[in-house]
Amino acid sequence: MNDREELAALTKAAEQGRMGRRELLRRAAALGLSAPAIAGLLAACGASSGPSASGAAPSAAGDPNGKITYGLGSDWQTLDPTFYTNVAEREIFYSIYDPLVDMDQKLDIQPRLAKSWDVQDGGKTIVFTLQPNVKFHDGTACDAAAVKFNLERMLDPKTGSPQRTNIDAITSVDAVGATTVRLSLKEPFTPLLGSLTEGPGFVSSPAAIKAGGKDYGLKPVGTGAFTFVEWLKADQIRLKKNPSYWRSGLPKFADLVWKPIPDETVKLANLKSGAIDVIDNVPSSDRKSIRDDPTFATWDAPGTRWPMIRLNLAKPPFNNKLVRQAVSLAVNRADIVKAVYFGEATPALGPISPVYKSYYDASIDKYGLGYDPSKAKEKLTASGATNVAFTVEIQNVASQQRLAEIVKENLAAIGITVTIQPYAITAFQDRITNKLYQATIGSWTPRPDIDGTMYRHFATDGNVNSMHYSNPDVDALFKRSRTLANGPDRVKVYQDVQKLIVDDAPWVFLIFETQTRAWSKKAVSGIPQIPDVMVRFAEVTRY
């Protein structure tokens with residue numbers, strides 16, 4: 001029995017209660033499982049059959065004293081929106097904080113802390129009118145002065161916020177009365193409202209920031225539907241209902257627990273056992289069975305995650321453009337779709353997902369670096385590089401291991417040697433943030449404005465450009481795109497940008513994946529279906 005089969009057997013034994021905790025710990029340790037994976041197995045071992053097995057019909061009103069436990073595949077490094085860099089941090093913010101504006105199922109901008117806004121002076125001034133009488137969890141006022149404090153903190157270069165470049169068109173923030181905020185911009189800035197639906201738009205208590213100092217991100221204070229209780233590193237974050245939440249009648253349940261479970265098999269086992277109520281994504285191999293199981297509800301979001309291989313252009317061998325192109329041409333995306341994602345994905349030849357509709361270029365196969373081993377060998381020979389070898393870093397989960405193994409096999413066929421190096425999630429994120437890798441498998445999810453994907457990764461000063469990628473022509477097009485209104489001219493600019501990026505090949509574009517969220521029908525309802533795939537728990541019901 002191999003390690004994967006052994007893990008599956010352990011999971012099944014835990015679910016069915018056929019193994020004691022001591023024996024489970026012994027065998028899990030022998031497999032070298034991570035702490036979160038072992039914790040997930042122990043939760044499954046100790047769980048009751050849960051609501052899905054009770055047979056009782058849920059009450060339409062739900063249980064106001066209930067608890068929802070959410071399992072997701074990433075961990076957190078900070079709960080301070082000014083310094084966030086990963087998807088798990090962004091997702092939990094929607095429970096602790098409110099953004100100035102939010103998005104709906106069509107990715108359209110909707111009011112939240114700002115109940116309205118007025119664009120003036122040809123787009124160079126935006127005046128926000130805030131919701132009145134909103135309080136932070138510490139009882140202080142969320143007013144215009146608080147919004148000004150937060151935005152100026154993020155804009156101050158001394159703060160060192162990775163979010164700064166997403167709003168740096170703002171030249172000044174003025175509190176015009178208690179509930180009016182005026183933003184002055186150096187030029188019209190189309191992506192601004194989209195940026196204010198996430199990191200830059202989440203508003204923290206100024207008093208809590210001043211009191212917490214550099215440790216504020218460990219004890220966040222927002223205006224959201226849930227207040228912070230505790231953070232047990234690599235185990236869970238606990239939140240509780242905000243009894244003074246400004247949105248009447250919300251939230252609908254009392255306690256919210258977030259559990260990082262990187263191992264997809266363990267995470268699914270916890271859902272099945274009732275140890276957790278909602279999971280962020282079902283493994284591709286299990287989706288049919290979960291969709292067919294009347295115990296569970298699912299939501300499919302096609303093209304909302306795009307795994308890629310980031311290449312570090314500052315390090316050999318990827319400081320050579322022809323080597324990068326050779327690698328892209330050598331990867332068989334159809335095999336990846338079939339073997340790793342079980343058909344729950346489509347091949348990707350560029351960074352713009354079909355989620356972006358009018359921006360997606362259906363003719364990309366004419367210039368994309370699709371699977372062509374012969375051409376890959378030609379590029380490699382032309383590069384002048386010999387004995388090309390590199391390490392690809394992955395998160396220590398089965399799907400990334402399978403993906404990396406296919407890439408390794410593909411590249412061996414053209415004479416490139418690949419070593420696969422797995423890391424635990426926190427170390428993995430650190431290596432990406434600090435640009436320590438040669439190549440690394442990562443992923444991205446949609447933002448309401450395409451700038452939130454493209455500029456952030458491929459502009460020289462993009463806040464998640466860990467590849468050291470810099471192309472003056474790309475930067476010039478991005479500068480223009482940020483001042484154009486959505487429409488044909490902006491679409492054309494982005495398609496031109498994509499052609500340049502595809503040719504430069506700072507990523508190996510792989511696939512656009514369908515994400516499938518799942519939850520127990522008898523435990524939970526009202527999961528929002530918003531394409532950024534961030535759960536807003538305020539309106540969710542627990543039975």
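Predicted, not measured: the structure shown is a model, and the values here were computed from it.
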If you compare all heavy atoms of I96 against all heavy atoms of P220, which two are closest, and at what distance to 0.1 Å?
CD1-CG, 3.9 Å
Using modelled atom types and a 3.5 Å cut-off, is there a donor and acceptor pairing between side-chain atoms of Q131 and backbone atoms of R112?
yes
How about K233: does its NZ atom have over 12 heavy atoms from other parts shown lying under 6.0 Å from it?
yes
Could you go through the ring pair (Phe, Tyr, Trp, His ring centres under 6.0 Å) check for F390 and F318 one step at a time?
CA-CA 9 Å; F390 67 90; F318 298 122; 4.8 Å; yes
Polar contact flag, side-chain donor to acceptor under 3.5 angstrom, T295-D293
yes
Lys/Arg N to Asp/Glu carboxylate O, D255 vs R542, below 4.0 Å
no
What residues, two or more places apart in sequence or in another chain, satisfy side chain to side chain donor-acceptor pair (under 3.5 Å) together with S470?
T460
Distance, nearest 0.5 Å, that separates CD of Q77 from OG1 of T426
6.0 Å
Non-hydrogen side-chain atoms of M308 and W444 separated by less than 4.5 Å
yes
Any donor-acceptor pair under 3.5 Å linking the side-chain atoms of D449 with those of Y356?
no
Is a donor on one side and an acceptor on the other found under 3.5 Å between the side chain of R431 and the backbone of L436?
yes
Quick one: sort the Y97 and F93 rings into parallel, tilted or perpendicular, breaks at 30° and 60°.
perpendicular
Minimum heavy-atom distance D532-L107, with the two atoms named
N-CD2, 4.5 Å
Residues Y216 and S204: side-chain donor-acceptor under 3.5 angstrom:
yes
Do you know which of T516, V282, D286 makes side chain to side chain contact (heavy atoms under 4.5 Å, CB included) with R291?
T516
Is there a side-chain contact between F202 and D98 (heavy atoms, below 4.5 Å)?
no
Answer yes when K521 and D277 have at least one side-chain N-carboxylate O distance shorter than 4.0 Å, and no when they do not.
no
I'd like to know if the side chain of T514 pairs up with that of D300 as donor and acceptor (distance under 3.5 Å, no hydrogens or angles considered).
no
Which heavy atom of F296 sits nearest to which heavy atom of K272, and what is that distance?
CZ-CA, 3.9 Å
Any side-chain heavy atom of V257 within less than 4.5 Å of one from R238?
yes
Which word best sums up how the rings of F253 and F226 line up, parallel for under 30°, tilted for 30 to 60°, or perpendicular for over 60°?
tilted
May I have the step-by-step check of side-chain contact (heavy atoms from CB on, under 4.5 Å) for W507 and I309, ending in yes or no?
CA-CA 5 Å; W507 285 4; I309 304 176; over 6 Å; no
Any chance you could lay out the salt bridge (charged side-chain N to carboxylate O under 4.0 Å, His left out) test for R287 and E264, step after step, and finish with the verdict?
CA-CA 12 Å; R287 288 180 186 171; E264 292 182 335; over 6 Å; no
Thinking salt bridges, do K499 and D361 make one under a 4.0 Å N-O criterion?
no
Hey, is the main chain of D104 close enough, under 3.5 Å, to the side chain of D108 for a donor-acceptor pair?
no
Show your reasoning for whether side-chain contact (heavy atoms from CB on, under 4.5 Å) applies to T197 and L193.
CA-CA 7 Å; T197 68; L193 286 177; over 6 Å; no
Stepwise side-chain contact (heavy atoms from CB on, under 4.5 Å) test for I68 and V540:
CA-CA 9 Å; I68 289 179; V540 173; 3.7 Å; yes
For the student: nearest non-hydrogen atoms of I109 and P448, plus distance:
CD1-CB, 4.2 Å
Looking at Y455, I'd like to know if the NZ or CZ of R482 sits under 6.0 Å from its six-membered ring centre while staying within 45 degrees of the ring's axis.
yes
Flag the pair I276 / I261 as yes when at least one side-chain heavy-atom distance between them is below 4.5 Å, and no otherwise.
yes
Do the ring planes of W258 and W76 sit parallel (below 30°), tilted (30 to 60°) or perpendicular (above 60°)?
perpendicular
K315 NZ: over 12 foreign heavy atoms closer than 6.0 Å:
yes
Indicate whether any N or O donor in one side chain lies under 3.5 Å from an N or O acceptor in the other, for T391 and Y437.
no
Mind checking whether Q163 and T82 have side chains closer than 4.5 Å, heavy atoms only?
no
Knowing that exactly one of D235, D75, T69 qualifies, which makes a side chain to side chain donor-acceptor pair (under 3.5 Å) with K259?
D235
If only side-chain N and O atoms count, and only distance matters, is there a donor-acceptor pair under 3.5 Å linking D504 with Y469?
yes
Any side-chain heavy atom of T541 sitting closer than 4.5 Å to one from V524?
no
Y70-R517 side chain donor-acceptor pair, cut-off 3.5 Å
yes
pair V508-R333: side-chain heavy atoms closer than 4.5 Å
yes
E198/R456 salt bridge by N-O under 4.0 Å criterion
yes
Taking the inter-plane angle between the rings of F128 and W117 on a 0 to 90° scale, is it parallel (under 30°), tilted (30 to 60°) or perpendicular (over 60°)?
tilted
